[in-house]
Engineer: 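Sharing a structure here in structure tokens format.
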Amino acid sequence: MLEFKNVSLVYPNGHHALKNINLKINEGEFVVIVGMSGAGKSSLIRSINRMVTPTEGELLLDEQNILSFKEKKLRELRTKVGMVFQSYNLVKRMSVLRNVLAGRLGYTGTIRSILGLFPQEDLQMAMNNLQRVGIEEKAYVRADELSGGQQQRVSIARVLTQQPKVILADEPVASLDPPTSHKVMKDLKRVSREDKLTTIVNLHFIDMAQEYADRIIGLRDGEVVFDGPIEDVTEETFEQIYGRPIKEDDLLGGDDD
Ligand code: ADP
């Protein structure tokens, strides 16, 4: 479904962030990308919605090379590929519901959306997705009145309301405490399973990666140094990815369930 073919990315300053990446990601997989800070995780994930554009190779989504996409095709791509950010990216002064409805912007005309004229089905879908992440009672509250964990749930409800095929999540729990991080990851995994979405998540903590991933991709210095199912991951795998033995700091710990 998603295929990287000899993908490389050199930033304008000459930094070689991705080096000849070859990967195939299947429909419905929940993939976690791990690696040290600077390994290229964000660059890899952001290539898939063209927030960054690789400078070599092909990146195929449903057999189309998205690296050649412009304008209309690019807008369609960003509707098909949703994103969850570390910092939630909500419009703080708007209600939770309006933030979730923003997931429909790729489908609703600009004028209609400015006027807040969303079809009834969209409203229902937005409310339903808030319910799925357990915060429907917050629908009419301003987004910035919510806790970090609740804000990230709003952003998950927003991405679901976008009805994407692929969800990208760039360090989605890096700003949250350990118990909240686990709860948010559980929600993300559950809803992505329920909707059969392909999900690609960057995570800093290796114990979290092991707990939630079906498959782990290890990146080091812009190269894939491990790619396999969670059963194949050993302590040595992480040494290979991190280039050193695992330390306490690499673990989040604290799943309280
Ligand atoms: P990670 O997500 O694993 O921390 P990134 O993909 O953010 O890694 O970055 C990989 C490397 O590319 C880092 O060395 C980073 O400094 C560099 N980099 C990221 N974005 C840019 C940019 N826009 N211009 C130049 N270098 C960049």
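Residue numbers start at 1 and run along the sequence shown. Start at 1 and go down the list; that is how both ligands and their atoms are numbered. Because the structure is a prediction, the values reported are computed rather than measured.
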Engineer: Does the salt bridge (Lys or Arg N to Asp or Glu O under 4.0 Å) test come out yes or no for Lys183 and Asp177, once each step is laid out?
Structural biologist: CA-CA 10 Å; Lys183 288 187 187 121; Asp177 61 47; over 6 Å; no
Engineer: Answer yes if a protein heavy atom lies under 4.0 Å from atom 15 (C) of ligand 1, otherwise answer no.
Structural biologist: no
Engineer: Evaluate the criterion side-chain hydrogen bond (donor to acceptor under 3.5 Å, both in side chains) for residue pair Asn20 and Ser8; output intermediate values, then yes/no.
Structural biologist: CA-CA 5 Å; Asn20 200 37; Ser8 293; 5.0 Å; no
Engineer: Any carboxylate oxygen within less than 4.0 angstrom of a Lys/Arg side-chain nitrogen, looking at Arg190 and Asp187?
Structural biologist: yes
Engineer: Please state which option from Ser42, Gly35, Gly14 has its nearest heavy atom closest to atom 7 (O) of ligand 1.
Structural biologist: Ser42
Engineer: Got a sec: does the CD of Glu194 have more than 12 other heavy atoms crowding it under 6.0 Å?
Structural biologist: yes
Engineer: For Ser155, run the side-chain hydrogen bond (donor to acceptor under 3.5 Å, both in side chains) check against Arg158, Arg153, Gln152 and tell me which one passes.
Structural biologist: Gln152
Engineer: Does Arg46 reach ligand 1, in the sense of a heavy atom lying below 4.0 Å from it?
Structural biologist: no
Engineer: Which protein non-hydrogen atom lies closest to atom 25 (C) of ligand 1, naming both residue and atom, and how far is it?
Structural biologist: Asn13 ND2, 3.2 Å
Engineer: Going hydrophobic residue to hydrophobic residue with side-chain gaps under 4.5 angstrom, can you get from Met1 over to Leu197?
Structural biologist: no
Engineer: Any nitrogen or oxygen of Ala39, side chain or backbone, less than 3.5 Å from one on ligand 1?
Structural biologist: yes
Engineer: Judged by atom type as modelled, is there a donor-acceptor pair below 3.5 Å linking the side chain of Asn65 to the main-chain atoms of Leu59?
Structural biologist: yes
Engineer: Regarding ligand 1, does Gly40 bring an N or O atom to under 3.5 Å of one of the ligand's N or O atoms?
Structural biologist: yes
Engineer: Side chains of Arg104 and Gln163 only: does a donor on one sit below 3.5 Å from an acceptor on the other?
Structural biologist: yes
Engineer: Pull out every atom of ligand 1 sitting under 4.0 Å from any heavy atom of Met36, numbered as shown with elements.
Structural biologist: 3 (O)
Engineer: Looking only at protein heavy atoms, which one is nearest to atom 19 (C) of ligand 1, and what is the separation?
Structural biologist: Tyr11 CE1, 3.5 Å
Engineer: Provide, to 0.1 Å, the distance between atom 17 (C) of ligand 1 and the closest protein heavy atom, together with that atom's residue and name.
Structural biologist: His15 CD2, 3.7 Å
Engineer: Ser43 versus ligand 1: do any nitrogen or oxygen atoms come within less than 3.5 Å of each other?
Structural biologist: yes
Engineer: Of Lys73, Lys72, Lys80, which meets side-chain hydrogen bond (donor to acceptor under 3.5 Å, both in side chains) against Glu76?
Structural biologist: Lys72
Engineer: What is the nearest protein non-hydrogen atom to atom 4 (O) of ligand 1, stated with its residue, atom name and distance?
Structural biologist: Gly38 N, 2.7 Å
Engineer: Can you list the ligand 1 atoms lying under 4.0 Å from a non-hydrogen atom of Lys41?
Structural biologist: 1 (P), 2 (O), 3 (O), 4 (O), 6 (O), 8 (O)
Engineer: Does any N or O in the side chain of Lys92 come within less than 3.5 Å of the main-chain N or O of Ala143, such that one atom is a donor and the other an acceptor?
Structural biologist: no
Engineer: Can you list the atoms of ligand 1 that are under 4.0 Å from a heavy atom of Ser37?
Structural biologist: 4 (O)
Engineer: Any protein heavy atom lying closer than 4.0 Å to atom 1 (P) of ligand 1?
Structural biologist: yes
Engineer: Distance under 4.0 Å to a non-hydrogen atom of Ala17: what atoms of ligand 1 satisfy this?
Structural biologist: 12 (O)
